[in-house]
Amino acid sequence: MNSVVYFNGPVQNGDFTFAERPGKAAGIRLAEALNALLGLDAVPHLWNTVTLAGDLRHRRAATRSTVGRQQREQEALVAKYAPGPTPQGGLRTDADLQVACLALEMTRGLLADGTLTVRDLPVRLCTRCGYMAGAGTAGDCRSCGHGGGRVARRPLLVFDRTAHGPVLGRDDVHAAGARPPSHLFTIAHHAPQLLVLSRTRDRGVDLAPLGLKGMVLDPRAGLHVAVLAAAREFGAVRPVMTVTENAAANVAAHGAPFRRHGPMRLRYALHGKIPTRPRGATGCTRCTVPRR
């Protein structure tokens, strides 16, 4: 088995192409370069498709009755690379079958050892579509726009981190000798003690087999499983996720229970952003220098 292998943190499948937003490929290119230095074969590019934006895009599409969600996501991913071919290592998403199988396997194990639990908790539900928001969330439903909501109790998959120590530490960052990103540790430390890991989405890792009908695994946890699934497929025991500091701050706490599985241990390789042109500007498409 390989030791260290780099995978990009799954990129959200939004409305962009790499020609328009080259910075979106920073983690992908970094992973490719580092793997090339190690003499490794090409690994798949990883994508996050379990998003509310993706749900809305599909529901509003005129071709919804003829183009399924899986096909729509795949067509959008292929278009990111146009006019060139898709990558040699292929494409994987956080809704793929191998990710779902691994996620359920891991979740069952984490429930068995008490790391995760299922609890009845109060949540705010849209009275029209049933979309779940936080108990204290106000305003129109983000899923359907309806203004009515009600507070109800329902079983949720939760991670109570009280007994599990810091959700992010120095050993979770792959950078021997580098200055520790203390600000990220602070952000992670201030995450809520009780983290809800089940969400209402049209797409994702279905938690119905665990008794949570109509819910999927939170994508912030699911994208960690996507990296582990790709690593297992590649035979890697030390997968490293290339990710911006901002992204790490957003996903680290929810992904904490999903960084280890068997011999595999996931770490983060933090990188900066590549600046792109401001919207509407003219000039070079690969930098921020305007035309004179």
Side-chain angles (χ1 to χ4, degrees), residues 12-14 48-61 64 69 94-95 99-100 103-104 106-168 186-225 246-247 249-258:
Q12 186 166 315
N13 188 20
N48 169 20
T49 62
V50 182
T51 64
L52 179 59
D55 291 350
L56 299 177
R57 194 160 50 239
H58 181 61
R59 291 179 207 164
R60 295 167 181 169
R64 181 183 177 184
R69 177 69 180 274
D94 53 348
V99 177
L104 289 176
M106 294 180 71
T107 303
R108 287 192 175 100
L110 292 166
L111 286 168
D113 68 18
T115 300
L116 303 181
T117 57
V118 174
R119 300 189 192 179
D120 278 336
L121 295 173
V123 293
R124 183 173 182 268
L125 302 176
C126 175
T127 53
R128 182 164 70 184
C129 73
Y131 177 77
M132 186 186 80
T137 304
D140 294 344
C141 175
R142 293 177 57 216
S143 182
C144 72
H146 184 59
R150 64 184 178 90
V151 175
R153 298 185 72 88
R154 70 179 298 175
L156 301 171
L157 180 68
V158 298
F159 171 43
D160 186 347
R161 63 188 191 86
T162 305
H164 296 279
V167 294
L168 186 67
T186 300
I187 292 170
H189 175 73
H190 285 96
Q193 289 293 327
L194 192 65
L195 296 170
V196 176
L197 298 183
S198 50
R199 296 290 177 211
T200 46
R201 291 284 192 278
D202 294 347
R203 178 178 173 84
V205 177
D206 184 9
L207 296 178
L210 304 179
L212 299 171
K213 186 177 180 180
M215 309 203 80
V216 303
L217 184 66
D218 189 295
R220 288 167 290 189
L223 61 85
H224 288 77
V225 182
N246 183 59
N250 287 332
V251 306
H254 288 75
F258 295 91

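Below, all heavy atoms of this structure are taken into account, side chains as well, without hydrogens, waters or symmetry copies. All figures in this text were calculated on a predicted structure; none of them were measured in a lab.
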Between [atom1] on residue [X] and [atom2] on residue [Y], distance to nearest 0.5 Å:
{"X": "L121", "Y": "M132", "atom1": "CG", "atom2": "CE", "value": "9.5 Å"}
{"X": "L207", "Y": "L104", "atom1": "CG", "atom2": "CG", "value": "7.0 Å"}
{"X": "C126", "Y": "R150", "atom1": "SG", "atom2": "CZ", "value": "10.0 Å"}
{"X": "T117", "Y": "L111", "atom1": "OG1", "atom2": "CG", "value": "7.5 Å"}
{"X": "R161", "Y": "H254", "atom1": "CZ", "atom2": "NE2", "value": "10.5 Å"}

Distance-minimising heavy-atom pair for [X] and [Y]:
{"X": "L125", "Y": "A152", "answer": "CD1-CB, 3.9 Å"}
{"X": "P122", "Y": "R153", "answer": "CD-NH1, 3.7 Å"}
{"X": "P155", "Y": "V118", "answer": "CB-CG1, 3.9 Å"}
{"X": "A95", "Y": "T49", "answer": "CB-OG1, 3.9 Å"}
{"X": "T200", "Y": "G130", "answer": "CG2-O, 4.1 Å"}
{"X": "P219", "Y": "N48", "answer": "CB-OD1, 4.2 Å"}

Donor-acceptor pair, [X] side chain versus [Y] backbone, under 3.5 Å?
{"X": "R220", "Y": "L197", "answer": "no"}
{"X": "R128", "Y": "C144", "answer": "yes"}
{"X": "T127", "Y": "G148", "answer": "yes"}
{"X": "R154", "Y": "L212", "answer": "no"}

Does some side-chain heavy atom of M106 sit less than 4.5 Å from a side-chain heavy atom of P257?
no
Taking atom NE2 of H146 as the centre, report whether more than 12 heavy atoms of other residues, nucleotides or ligands fall under 6.0 Å from it.
yes
So with a 6.0 Å cut-off around CZ of R142, is the heavy-atom count from everything else above 12?
no
Going through the distances and angles, do L116 and T107 end up as a side chain to side chain contact (heavy atoms under 4.5 Å, CB included)?
CA-CA 8 Å; L116 303 181; T107 303; 4.1 Å; yes
Please walk me through it: do D94 and V225 pass side chain to side chain contact (heavy atoms under 4.5 Å, CB included)?
CA-CA 8 Å; D94 53 348; V225 182; over 6 Å; no
My understanding is that only one of L157, V123, L156 makes a side-chain contact (heavy atoms from CB on, under 4.5 Å) with V196; could you say which?
L156
Quick note, salt bridge (Lys or Arg N to Asp or Glu O under 4.0 Å) partners involving residues 186-206, not counting sequence neighbours, are R59-D202, R199-D218
Assess whether side chain to side chain contact (heavy atoms under 4.5 Å, CB included) is satisfied between L110 and F258, documenting all intermediate values.
CA-CA 9 Å; L110 292 166; F258 295 91; 3.8 Å; yes
